[in-house]
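Before any comments, here is the structure.
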Amino acid sequence: CIWFFKIDKYLPSDSRRYWAMKQKNQSFDYAVLGSSRAEGAFDMCMLDSLTRLKGINIGSSGSGYVDNYLVLNKFLSNHNQIKYLFLQTDIYSLDPSRSFSNAFHVYNFIPYWDSPIFREATSHYLDKNDIFIFDYLPWLRFYKYNKFYSPIQMLQRLREENKKNSRIDQYIKSNYNSTFSNNIKDSSLFYKPVSSKKIIVDSFDLNYFFKIIDLAKSKNIKLICFTAPDYYYQKQVYSNYDTIENDFLSYIKMKKISYISKDTSICKNMAFFKDPGHLNDFGRYYNTRFFSNAIKKYNLSSNSN
């Protein structure tokens, strides 16, 4: 199982984490990292074209800062080079256990259990019995997660081998059309009860946000934080939205980390969203254009220059 899930051509087509951690010996000007809000924030082909840079999006659905750190660590240890890191920073990633359906995808990192860095992070989400078993009877980790490592799953990987695209981060592309029509939205999805939710900052995840900062600094990578647009009404749904966001941004400013705020004009228009936290193709087109203009002030240079 360890061998199988480290072979690029057999990687599960639905996991960007596997894909991101298997990239090797490549050079990019920048990488985008974060949750699904980072994964779907940009049309990468369009962003490369507008900035004249070469980038890669290693963001993935349901990933908080622990997940982000492990993916970035593996990505860089595989001798990939980047000059800039665009890190998605928002209140949701500070509280992954309540913001995401799965706070940490343990099974994605099981093949790397022998690495102390991966083990330290993964152990936080396991009970003591699991940790003991994984150490002394390592093959049982694949038995526990046999939904993802079963022979049936492996056969599916084999069948899908020739269907893969080497640039999975370019699957998401804007299909902007000037005749775009504003389809009727489900209001119950966009307008939850006022103050019905609350963000509780997870100290474990916050610590891994600090680790990402330190890792980027150690690799001489310029870190630029950004926040993808979410629908404006979210500030009404979360009782402490503004407080947590302001505290988080104050810390980023205190550490003198560059930051690109979200486009408020996008946040106010429901037509740009498929749900309150995620852009649709129409919104992605506008956000990519906004972001490319926003980063011009940083005078980012290409590796080829």
Side-chain angles (χ1 to χ4, degrees), residues 31-41 59-73 84-104 121 124-125 190-218 221-268 273 275-279 287 290-291 294-295 297-298:
V32 176
L33 180 65
S35 65
S36 57
R37 287 171 35 73
E39 176 186 343
S60 54
S61 178
S63 58
Y65 292 122
V66 182
D67 192 310
N68 294 162
Y69 174 79
L70 294 180
V71 169
L72 178 63
N73 186 285
Y84 310 100
L85 176 65
F86 296 136
L87 177 64
Q88 158 72 14
T89 51
D90 59 31
I91 64 170
Y92 311 110
S93 291
L94 292 173
D95 190 9
S97 63
R98 280 162 286 270
S99 299
F100 307 140
S101 58
N102 190 344
F104 183 76
H124 178 76
Y125 302 94
F190 284 82
Y191 295 100
K192 300 292 184 181
V194 173
S195 298
S196 59
K197 296 183 180 181
K198 185 176 182 178
I199 290 293
I200 301 175
V201 178
D202 188 311
S203 59
F204 189 75
D205 281 84
L206 183 60
N207 183 53
Y208 273 83
F209 171 72
F210 302 149
K211 284 178 176 285
I212 293 174
I213 295 175
D214 293 339
L215 179 58
K217 185 176 181 180
S218 69
I221 297 170
K222 170 70 174 178
L223 178 64
I224 301 176
C225 292
F226 75 97
T227 301
D230 55 353
Y231 192 51
Y232 82 98
Y233 193 76
Q234 290 292 89
K235 291 193 175 187
Q236 304 296 320
V237 174
Y238 289 88
S239 60
N240 60 342
Y241 187 111
D242 286 330
T243 300
I244 299 298
E245 183 179 59
N246 291 337
D247 288 347
F248 199 18
L249 296 184
S250 294
Y251 175 82
I252 292 173
K253 183 177 180 180
M254 180 186 71
K255 298 294 288 186
K256 297 182 179 180
I257 299 172
S258 300
Y259 175 72
I260 298 175
S261 60
K262 52 194 170 187
D263 185 349
T264 55
S265 65
I266 293 178
C267 296
K268 295 176 182 178
F273 296 90
D275 61 49
H278 299 90
L279 297 167
N287 189 55
F290 165 82
F291 193 82
I295 64 177
K297 66 179 180 180
Y298 296 106

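FYI, side chains are in, hydrogens and waters are out, and symmetry mates aren't considered; it's all heavy atoms of this structure. The model shown is predicted, which means the values in this text are computed figures rather than measured ones.
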Atom [atom1] of [X] and atom [atom2] of [Y]: how far apart are they, to the nearest 0.5 Å?
| X | Y | atom1 | atom2 | result |
| --- | --- | --- | --- | --- |
| Lys255 | Leu223 | NZ | CG | 11.5 Å |
| Ile252 | Leu87 | CD1 | CG | 8.0 Å |
| Ser195 | Asn240 | OG | CG | 9.0 Å |
| Asp263 | Lys268 | CG | NZ | 9.5 Å |
| Tyr125 | Asp67 | OH | CG | 8.5 Å |
| Glu245 | Thr89 | CD | OG1 | 9.0 Å |

Requested in this report: Start with the C-alpha distance between Asn207 and Phe210, add both sets of side-chain angles, then the distance that settles side-chain contact (heavy atoms from CB on, under 4.5 Å), and finish with yes or no.
Outcome: CA-CA 5 Å; Asn207 183 53; Phe210 302 149; 4.3 Å; yes
Requested in this report: Examine distances only and state if a side-chain atom of Asn68 and a backbone atom of Gly64 form a donor-acceptor pair shorter than 3.5 Å.
Outcome: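 Flag set: sc Asn68 to bb Gly64 pair under 3.5 Å.
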Query raised in the report: Do Ser99 side-chain atoms and Pro96 backbone N/O form a donor-acceptor pair below 3.5 Å?
Result: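 Such a contact is absent between Ser99 side chain and Pro96 backbone.
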Closest heavy-atom pair and its distance - [X], [Y]:
| X | Y | value |
| --- | --- | --- |
| Gly34 | Gln88 | CA-CB, 4.0 Å |
| Phe104 | Val66 | CE1-CG1, 3.7 Å |
| Ala228 | Arg37 | O-NH2, 2.6 Å |
| Asp90 | Ser93 | OD1-N, 3.1 Å |
| Ser258 | Lys222 | OG-NZ, 3.1 Å |
| Ser61 | Glu39 | N-OE1, 3.0 Å |

Flag side-chain contact, heavy atom, 4.5 Å: [X] against [Y]:
| X | Y | value |
| --- | --- | --- |
| Ser63 | Val71 | no |
| Leu85 | Ile224 | no |
| Ser239 | Lys197 | no |

Quick one about [Y] and [X] (side-chain donor to acceptor, distance below 3.5 Å, no hydrogens or angles considered), yes or no?
| X | Y | result |
| --- | --- | --- |
| Tyr259 | Thr227 | yes |
| Asn246 | Tyr241 | no |
| Gln234 | Tyr92 | yes |

Requested in this report: Would you please indicate yes or no on a ring centroid separation below 6.0 angstrom for Phe204 and Tyr208?
Outcome: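 Yes, the ring of Tyr208 comes within the 6.0 Å limit of the ring of Phe204, centre to centre.
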Query raised in the report: For the ring-ring contact (aromatic ring centres under 6.0 Å, His included) test, which of Phe291, Phe290, Tyr84 pairs with Phe226?
Result: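 With Phe226 as partner, ring-ring contact (aromatic ring centres under 6.0 Å, His included) holds for just one option, Phe291.
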Report task. Test Phe248 against Leu94 for side-chain contact (heavy atoms from CB on, under 4.5 Å), laying out the working first. Result -> CA-CA 9 Å; Phe248 199 18; Leu94 292 173; 3.7 Å; yes
Query raised in the report: Looking at Arg98 and Asp95, does any basic side-chain N land under 4.0 Å from a carboxylate oxygen?
Result: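 Yes, this pair counts.
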Query raised in the report: What do the steps show when you test Val237 against Val194 for side-chain contact (heavy atoms from CB on, under 4.5 Å), and what is the final call?
Result: CA-CA 5 Å; Val237 174; Val194 173; over 6 Å; no
Query raised in the report: Going through the checks in order, is the side-chain contact (heavy atoms from CB on, under 4.5 Å) test met by Ile266 and Phe273?
Result: CA-CA 9 Å; Ile266 293 178; Phe273 296 90; 4.2 Å; yes
